[in-house]
Amino acid sequence: QVINFFSFSNQLALQFKIVRKAKEIRKRLDEIAADRRNFHFSEQVVAPHVETRVREQTHSFVRASDIIGRESDKEVIIELLLSSSDHENVSIIPIVGLGGLGKTTLVKLVYSDDRVVRNFELRMWVCVSEDFSLKMVIEKILKSATGESYGHLDMDQIQIHLRDVLNAKRYLLVLDDVWNDDRNKWIELRDLLINGTCGSTIVVTTRNKAVATITGTTSPYNLRGLSDDDCLSLFLKCAFRGEENWLPNLVEIGKEIVKKCGGVPLAVKTLGSLLYMKTEEREWLHIRDNDIWKIEQKESDILPILRLSYDQMPSHLRQCFAYCSMFPKGYEIPREVFINLWIAQGFIHSPNGNRQLEDIGNLYFNELLSRFCFQHVVEAFDGEILACKIHNLVHDLAQ
Ligand SMILES: Nc1ncnc2c1ncn2[C@@H]1O[C@H](COP(=O)(O)OP(=O)(O)OP(=O)(O)O)[C@@H](O)[C@H]1O
Ligand SMILES: [Mg+2]
């Protein structure tokens, strides 16, 4: 009974452990603060250094034979595109999901499908990324539509061209990788885009549900992870040169490795490619038994790509997010536990003192939810999330 009480499956015991750990950390911090006073160190505020990475531009080409699964997602999106002619002038369909989940890849499949090509007079692919200045986005749209560069024109001339190009056409515009969550900026762009004829559609891909809510005229399409079988096929494709080279002992270890990836194809590709042509069981076990953050990675691999999500977080959220790695992987944690611990750690401040800390904690929690940091596990009847797990990869990122 005692063993059961202290096991991770006992939620109460876990909460005790976390509270005890938090107390230890507080005590250590108090000691450091005392040292600071004794040694007369002074405090300096250093603006957090955010490394600006240039995100690789995406393009619309895809070899359908390289893509595994996603048949039903593709059909659902195509159905939405083809049926949108019945609705308003221009419909906007957001596709949301964690970094590396395959949003861009799915939209590429849709974009090059024959039915879609036939349905739209004009198709444009624009990779937006972090820079959402109105002029820049319009220039990219015009370049995609006409192949010409309009950078030398001023804003008024450029908007005339845009309206001219879109006028009375049924168009499909993909705005890939949108991060802007400023509604006013979005509305400025949207007003210039609603010039197309009925059935024109804009597809937005984003990692942030708030962006999806601001932009969408339909409810967002929440992309899910790939199935375990699809993940394994992708992994084996990346790790071996052809099926004839599969080694049964390594395939068995591969099955366990893909479980770490939580259905995220970029993670599957990262780990599979690391093992390409490696035939020693030892190397495979090393990948299986280590956290992903301990494994060396290239710029285009999963952790550097997910790090962008962290870099984009406002500083108040980063602290709360990083603290999540305190919880064990795969464990179900109630909403109040998160919030109470953040309050206990002093991460939550009320700017004018008249808001309850719990309310602000709730806002932070919802913000992390909308950035796919948590997987919902317990939902109330009204859709409120009562408890969550931290996604395996997100846990590695938080560390
Ligand atoms: N179904 C799939 N089959 C095979 N590979 C896939 C699949 N989906 C995605 N990939 C691969 O995984 C990687 C990440 O996919 P993608 O760029 O589409 O993710 P994303 O959701 O758009 O990520 P981000 O939020 O960073 O833009 C790419 O290398 C892509 O080729
Ligand atoms: Mg993408």
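We count ligands from 1, going down the list as the structure has it; atoms in each ligand are counted the same way.
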[atom] [closest protein heavy-atom partner, distance rounded to 0.1 Å]:
atom: atom 29 (O) of ligand 1; result: Lys269 NZ, 3.0 Å
atom: atom 24 (P) of ligand 1; result: Arg55 NH2, 3.3 Å
atom: atom 23 (O) of ligand 1; result: Gly100 N, 2.9 Å
atom: atom 8 (N) of ligand 1; result: Pro265 CG, 3.4 Å
atom: atom 21 (O) of ligand 1; result: Lys103 NZ, 2.7 Å
atom: atom 30 (C) of ligand 1; result: Thr105 OG1, 3.4 Å
atom: atom 22 (O) of ligand 1; result: Thr104 OG1, 2.7 Å
atom: atom 19 (O) of ligand 1; result: Gly102 N, 3.1 Å

May I ask you to establish whether Arg318 and Tyr310 are in a cation-pi arrangement, using a distance under 6.0 Å from NZ or CZ to the six-membered ring centre and at most 45° from the ring axis?
yes

Regarding Arg207 and the six-membered ring of Phe372, is the cationic atom NZ or CZ under 6.0 Å from the ring centre and inside 45° of its axis?
->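 The answer is no; the distance or angle limit is not met.
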
Out of all atoms in ligand 1, which are within 4.0 Å of some heavy atom of [X]? Include the element for each.
X: Arg70; value: 1 (N)
X: Asp66; value: 4 (C)
X: Ile68; value: 1 (N), 2 (C), 3 (N), 4 (C)
X: Gly99; value: 23 (O), 25 (O)
X: Ile305; value: 26 (O)
X: Arg207; value: 24 (P), 25 (O), 26 (O)

* To do: Only one of Trp342, Phe347, Phe338 passes ring pair (Phe, Tyr, Trp, His ring centres under 6.0 Å) with Tyr323; say which it is.
  =>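 Output: one option passes, namely Phe347.
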
Query raised in the report: Are any of the heavy atoms in Ile67 under 4.0 Å away from ligand 1?
Result: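 In this structure, Ile67 qualifies as a contact of ligand 1 - some heavy atom is under 4.0 Å.
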
Under a 4.0 Å threshold between the charged nitrogen and the carboxylate oxygen, would [Y] count as salt-bridged to [X]?
X: Lys255; Y: Glu252; result: yes
X: Asp73; Y: Arg70; result: yes
X: Arg115; Y: Glu75; result: yes

The reported gap from CG in Leu306 to CG in Leu266 (rounded to nearest 0.5 angstrom) is 7.5 Å

Rounded to the nearest 0.5 Å, what separates atom OG in Ser200 from atom NZ in Lys169?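 Answer rounded to 0.5 Å: 10.0 Å.
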
- Message: Within 2.8 Å of the Mg ion (ligand 2), is there any N, O or S atom belonging to Thr205?
- Response: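 No.
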
| In terms of the angle between their ring planes, are Trp186 and Phe132 parallel, tilted or perpendicular, with boundaries placed at 30° and 60°? | tilted

Q: Please determine if Leu234 has a nitrogen or oxygen closer than 3.5 Å to a nitrogen or oxygen of ligand 1.
A: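 N/O-N/O distance under 3.5 Å: no.
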
**Request:** Could you pull out, from Thr270, Leu266, Asp177, the option with a heavy atom nearest to atom 13 (C) of ligand 1?
**Result:**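 Ranked by closest heavy atom to atom 13 (C) of ligand 1, first place is Leu266.
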
Before we go on, tell me: are the rings of Tyr364 and His316 under 6.0 Å apart, centre to centre?
yes

Honestly curious: do Ile360 and Leu368 fall in one hydrophobic cluster under the side-chain, below-4.5 Å linking rule?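 Yes, one cluster joins them.
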
